[in-house]
Student: 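If you scroll down you'll find the structure; I have some questions about it.
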Amino acid sequence: MTLKILQFGTTGQLAVELLRQAPDHDVVLTALSRADVDLADPAAAALKVADARPDLVVIAAAYTAVDLAETERDLARTVNTLAPGAIAEACAATGTALLNISTDYVFDGAGGAPYAEDAATHPLNVYGATKLEGERAVTAACPRSLNIRTSWVVSAHGKNFVKTMLRVAAAGNPLKVVDDQVGRPTSAADLAGFILSQAGRLAAAKVGDPAFGTVHFANAGEVSWRGFAQAIFAEALGDQAPDVGATTTADYVTPAQRPLRATMDLGKLRQVFGVTPRPWRAALKDIVAELKAQ
Ligand SMILES: NC(=O)c1ccc[n+]([C@@H]2O[C@H](COP(=O)([O-])OP(=O)(O)OC[C@H]3O[C@@H](n4cnc5c(N)ncnc54)[C@H](OP(=O)(O)O)[C@@H]3O)[C@@H](O)[C@H]2O)c1
């Protein structure tokens, strides 16, 4: 039976990949843009679920401006905590399964990586705190919900580190990139593929199914931002790759504090979903190829 999916978000990296890949699956995906419903109005978002009566809701939109969130605390909380909470209540009331996306920034990265799903959380910034509260609101309101934590999301579109690095390199300025923050880059396309491959299972699963709760999804392997920049240039520019100097978190001051090593463990993904993501370098190759083809 064709699955009805209601997606919040049309323009973000993940939202675009879900829309792109949906035709390869037995789903009808209806995606709502910010113009259709602003997540700053959680009650309006909840009404969309009641109206559409889908089999599965996917929250692919979020307040993702990590530094700006330090000053736009209320808006970040409304979009990342209250809206998912209201959507979750509507899902529970209509018997709809819910998939929410969260972040590795729920961890402080100060020790203990790779973090398992049940490891102690301690967000260092407002964005991470609002996403963690969003996870909790979703889980509390909707027993048939899954929070997928992901990290360092990149793709050939939208705003992300791959595109920023290539733009900076094209400008020809000397480059220094933070070398003491380490994590797992994640292809938005790979995450979208995982979500669509599990949509049927989630829509059919009963309360208490191990598919519900929280799971980590990221590409395999670990790298620093500087190492990632070097890989991006090697992949995109080959012999013309610029030198990438090293800087430190202490020297590169940003409004939001970021974890040094919030790398997430991927064991549960393998055990519960039977999925082992490919290495980030292979995913990067595909993204650079797509950028070159554009
Ligand atoms: N990007 C990362 O590195 C990263 C890392 C870890 C976790 N995540 C999580 O992964 C998920 C997907 O992230 P992404 O990288 O695809 O995000 P993104 O590219 O930054 O896009 C964010 C999306 O949210 C929408 N949005 C923001 N505020 C909204 C509002 N008030 N009402 C309706 N829509 C709103 C934006 O719409 P407009 O185009 O209208 O602004 C945009 O479509 C998010 O939950 C994010 O927290 C991302």
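All ligand and atom numbering here is 1-based and tracks the order in the structure. Below, each value reflects all heavy atoms present in this structure, side chains not excepted, and no hydrogens, waters or symmetry copies.
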Student: Between ligand 1 and Asp104, is the shortest N or O to N or O distance under 3.5 Å?
Tutor: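 No, since none of the N or O atoms of Asp104 sits under 3.5 Å from an N or O of ligand 1.
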Student: Would Val153 count as a polar contact of ligand 1, with the cut-off being nitrogen or oxygen pairs under 3.5 Å?
Tutor: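 There is such a contact, yes.
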Student: Can you find an N/O atom of Asp38 closer than 3.5 Å to an N/O atom of ligand 1?
Tutor: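 Asp38 vs ligand 1: N/O contact under 3.5 Å present.
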Student: Does Thr150 reach ligand 1 with a nitrogen or oxygen that is under 3.5 Å from one of the ligand's nitrogen or oxygen atoms?
Tutor: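 No; the residue has no nitrogen or oxygen that sits under 3.5 Å from a nitrogen or oxygen of the ligand.
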Student: Give the intermediate values and the outcome of side chain to side chain contact (heavy atoms under 4.5 Å, CB included) for residues Ile195 and Leu14.
Tutor: CA-CA 10 Å; Ile195 289 171; Leu14 175 61; 4.1 Å; yes
Student: Please confirm whether Thr103 comes within less than 3.5 Å of ligand 1 when only nitrogen or oxygen atoms on both sides are compared.
Tutor: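 Between Thr103 and ligand 1, no N or O pair is found under 3.5 Å apart.
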Student: Checking Lys4 side chain against Ala52 main chain: does a donor-acceptor pair fall under 3.5 Å?
Tutor: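 At least one qualifying donor-acceptor pair exists.
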Student: For Trp152, which of Phe217, Phe161, Tyr105, Trp225 qualifies under ring pair (Phe, Tyr, Trp, His ring centres under 6.0 Å)?
Tutor: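 Running ring pair (Phe, Tyr, Trp, His ring centres under 6.0 Å) over Phe217, Phe161, Tyr105, Trp225 with Trp152 returns exactly one hit, Trp225.
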Student: Ignoring angles and geometry beyond distance, decide whether Tyr63 reaches within less than 3.5 Å of ligand 1 through its nitrogen or oxygen atoms.
Tutor: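 No, Tyr63 has no N/O under 3.5 Å of an N/O on ligand 1.
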Student: Decide whether an N or O pair under 3.5 Å exists between Ala15 and ligand 1.
Tutor: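 No, Ala15 has no N/O under 3.5 Å of an N/O on ligand 1.
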Student: Name the orientation class of the two ring planes belonging to His216 and Phe107 (parallel below 30°, tilted from 30 to 60°, perpendicular beyond 60°).
Tutor: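 Perpendicular, since the angle between the ring planes exceeds 60°.
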Student: Considering non-hydrogen atoms of the protein only, which is the closest contact for atom 43 (O) of ligand 1, and what is the distance?
Tutor: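 Of the protein heavy atoms, Thr11 OG1, 2.6 Å lies nearest.
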Student: With a 4.0 Å cut-off on heavy atoms, does Ala60 reach ligand 1?
Tutor: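 Checking ligand 1 against Ala60, which is what was asked, there is a heavy-atom contact under 4.0 Å.
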Student: Would you check whether Leu39 has a nitrogen or oxygen atom less than 3.5 angstrom from a nitrogen or oxygen atom of ligand 1?
Tutor: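 Yes, since at least one N or O of Leu39 sits under 3.5 Å from an N or O of ligand 1.
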Student: Give me the residue, atom name and distance of the protein heavy atom closest to atom 21 (O) of ligand 1.
Tutor: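 Going by distance alone, atom 21 (O) of ligand 1 is nearest to Gly12 CA, 3.2 Å.
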Student: Return the closest protein heavy atom for atom 7 (C) of ligand 1 as residue, atom name and distance.
Tutor: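 Among all protein heavy atoms, the one nearest atom 7 (C) of ligand 1 is Ser102 O, 3.3 Å.
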Student: Counting each atom of ligand 1 from 1 as listed, which ones have a heavy atom of Ala62 under 4.0 Å away?
Tutor: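 Here the atoms of ligand 1 in question are 22 (C), 24 (O), 26 (N), 27 (C), 28 (N), 44 (C), 45 (O), 47 (O).
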Student: Polar contacts were defined as any N/O atom of the residue lying under 3.5 Å from an N/O atom of the ligand; does this apply to Gly9 and ligand 1?
Tutor: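 No: no nitrogen or oxygen of Gly9 is under 3.5 Å from one in ligand 1.
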Student: Starting at CG of Leu56, measure out to CG of Leu196 and round the result to the nearest 0.5 Å.
Tutor: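 The distance works out to 9.0 Å.
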